Amino acid sequence: MNKLRLIVLMIIYISKLVIAETAFDLSDVGISAESVALGGISSSCQTSQCLFSNPALLDESLSWSLDVFQFKTITDAYIQNISFAKSYKKYVVGVGYNGTRVDGIETTAFANNEGGYLDNKGEIKRLGIHSYEYGNYYLSGKVAVLNNIALGISLKYTHINLADKVGNGINSDIGIMWKNPNYQLNFGIHNILQFQKINYEDSSELDYVSETYPLKLLMSGTTSYTYKDLQLNFFSQLNYQRFNLNNSRYTPLLYSLGTKWSLLTVPYFELLLGYRRVPYLDQTRSRLAIGVNFNLNNLKLSYGFEKSQTPLFNNHHYISLSIFKDSSLRHQKENKNQSKKEVV
């Protein structure tokens, strides 16, 4: 497949539009295999991966966490997510990177009336090889304002490189989490600084049109139900994303539903089911997903399978890994040692 066509198809796949923008949101596919299996819903996360979607969801009860997620979109185009978070009392600080890269793109000469784009063998002139790179770098923080309310913010730096053209930009995401004993509500805004743009330049010193970040709104909710040893977690999410292709181009309001099944007697295994609606051409289309979590002490391995019903992108498999340390165990140990000292 032509590598330049590969880039266009990959961006369309991620942004789910017919006409793709360069400044797309890599988290649209999912921030982990678990989120994909839950219909693209990220409100089930607690570890560092939360900073890609809603930093308010970062769990301060975890001393630290590390997440790795890589998946292939089409052919040899991969997207990588890696993040790390550290908590201190009611605060959490995290860093992360998500990005993609395609190498081996051929540069060809432009056509002209004299046939100058052909070489002496009648073939298109190949001037060289270049690559395409798109990446976001995150610095995030979360604070527990009250026992049931948390605020989060992410600052992100975007870097785009295509041949000798380079684009750079800075923006911010914010999030709010409200937790109740029976349910949890989350609200997030991506790219809230709409006056910020991605600026492009190259060695020719030409003036390129700056690109506006797409505005994305997320609202999600979770609740749970327990029947004997069976525990059910239910997730829902509304997603609205505005692209700036022109003044009238907006994506519809999308929704996702997900559920997590587990047995209290078998805590190391969880079944995931998900459903979501995504834009496709001038309408929306359904995607179904299924997956599992394997919980082993301070490690969680997640697998997801999504049937997108979209040509070239159907039947995708996802795997992600979370490693973490529960600080509540450390606090329990400290309290136990303190009690021993008091007895002595």
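Computed from a predicted structure; not experimentally measured.
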Please list, chain by chain and in numerical order, all residues satisfying salt bridge (charged side-chain N to carboxylate O under 4.0 Å, His left out) with [X], sequence neighbours excluded.
{"X": "Glu133", "value": "Arg101"}
{"X": "Lys197", "value": "none"}
{"X": "Asp67", "value": "none"}
{"X": "Lys300", "value": "Glu34"}

If you measure from [atom1] on [X] to [atom2] on [Y], what distance do you get to the nearest 0.5 Å?
{"X": "Asp173", "Y": "Ile153", "atom1": "CG", "atom2": "CD1", "result": "9.0 Å"}
{"X": "Leu215", "Y": "Ile189", "atom1": "CG", "atom2": "CD1", "result": "7.0 Å"}
{"X": "Ile176", "Y": "Leu185", "atom1": "CD1", "atom2": "CG", "result": "11.0 Å"}
{"X": "Leu218", "Y": "Asn186", "atom1": "CG", "atom2": "CG", "result": "9.5 Å"}

Exercise. What is the minimum heavy-atom distance between Tyr91 and Val143, and which atoms define it?
Worked result: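 Taking Tyr91 first and Val143 second, the nearest heavy atoms are CE2-CG2, 3.4 Å.
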
Problem set entry | Shortest non-hydrogen separation from Trp178 to Ile149 and the atoms involved |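 So the minimum-distance heavy-atom pair works out to CD1-CG1, 3.6 Å.
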
Under the ring pair (Phe, Tyr, Trp, His ring centres under 6.0 Å) rule, collect the residues that match up with [X], sequence neighbours excluded.
{"X": "Phe305", "result": "His317"}
{"X": "Tyr268", "result": "none"}
{"X": "Trp261", "result": "none"}

Just to verify, what does [X] make a side-chain hydrogen bond (donor to acceptor under 3.5 Å, both in side chains) with, not counting sequence neighbours?
{"X": "Ser83", "result": "Ser48"}
{"X": "Asn161", "result": "none"}
{"X": "Ser43", "result": "none"}
{"X": "Tyr208", "result": "Asp202"}

Exercise. Which residue pairs pass the ring pair (Phe, Tyr, Trp, His ring centres under 6.0 Å) test when at least one of the two sits in residues 218-238, sequence neighbours left out?
Worked result: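 Not a single pair qualifies under ring pair (Phe, Tyr, Trp, His ring centres under 6.0 Å).
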
We want to know whether [X] and [Y] form a side-chain donor-acceptor pair, criterion being a heavy-atom distance below 3.5 angstrom.
{"X": "Arg276", "Y": "Ser286", "result": "no"}
{"X": "Gln237", "Y": "Asn239", "result": "no"}
{"X": "Ser320", "Y": "Tyr303", "result": "no"}
{"X": "Gln231", "Y": "Thr226", "result": "no"}
{"X": "Lys179", "Y": "Asn147", "result": "no"}

For this session: Considering only NZ, NE, NH1 and NH2 on the basic side and carboxylate oxygens on the acidic side, decide whether Glu60 and Lys90 come within less than 4.0 Å.
Result: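 No, this pair does not count.
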
For this session: Indicate, with yes or no, if the rings of Phe71 and Phe69 have centres closer together than 6.0 Å.
Result: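 Yes - the distance between ring centres of Phe71 and Phe69 falls below the 6.0 Å cut-off.
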
Problem set entry | Sub-6.0 Å ring centroid separation between Trp64 and Tyr88 |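 No, too far apart.
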
Exercise. Does a sphere of radius 6.0 Å around CG in Asp207 hold more than 12 heavy atoms from other residues, nucleotides or ligands, not counting ones at 6.0 Å or beyond?
Worked result: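 Count not over threshold, so no.
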
Problem set entry | side chain to side chain contact (heavy atoms under 4.5 Å, CB included) partner of Lys142, chosen from Leu58, Asn54, Leu51 |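 Only one option passes, and that is Leu58.
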
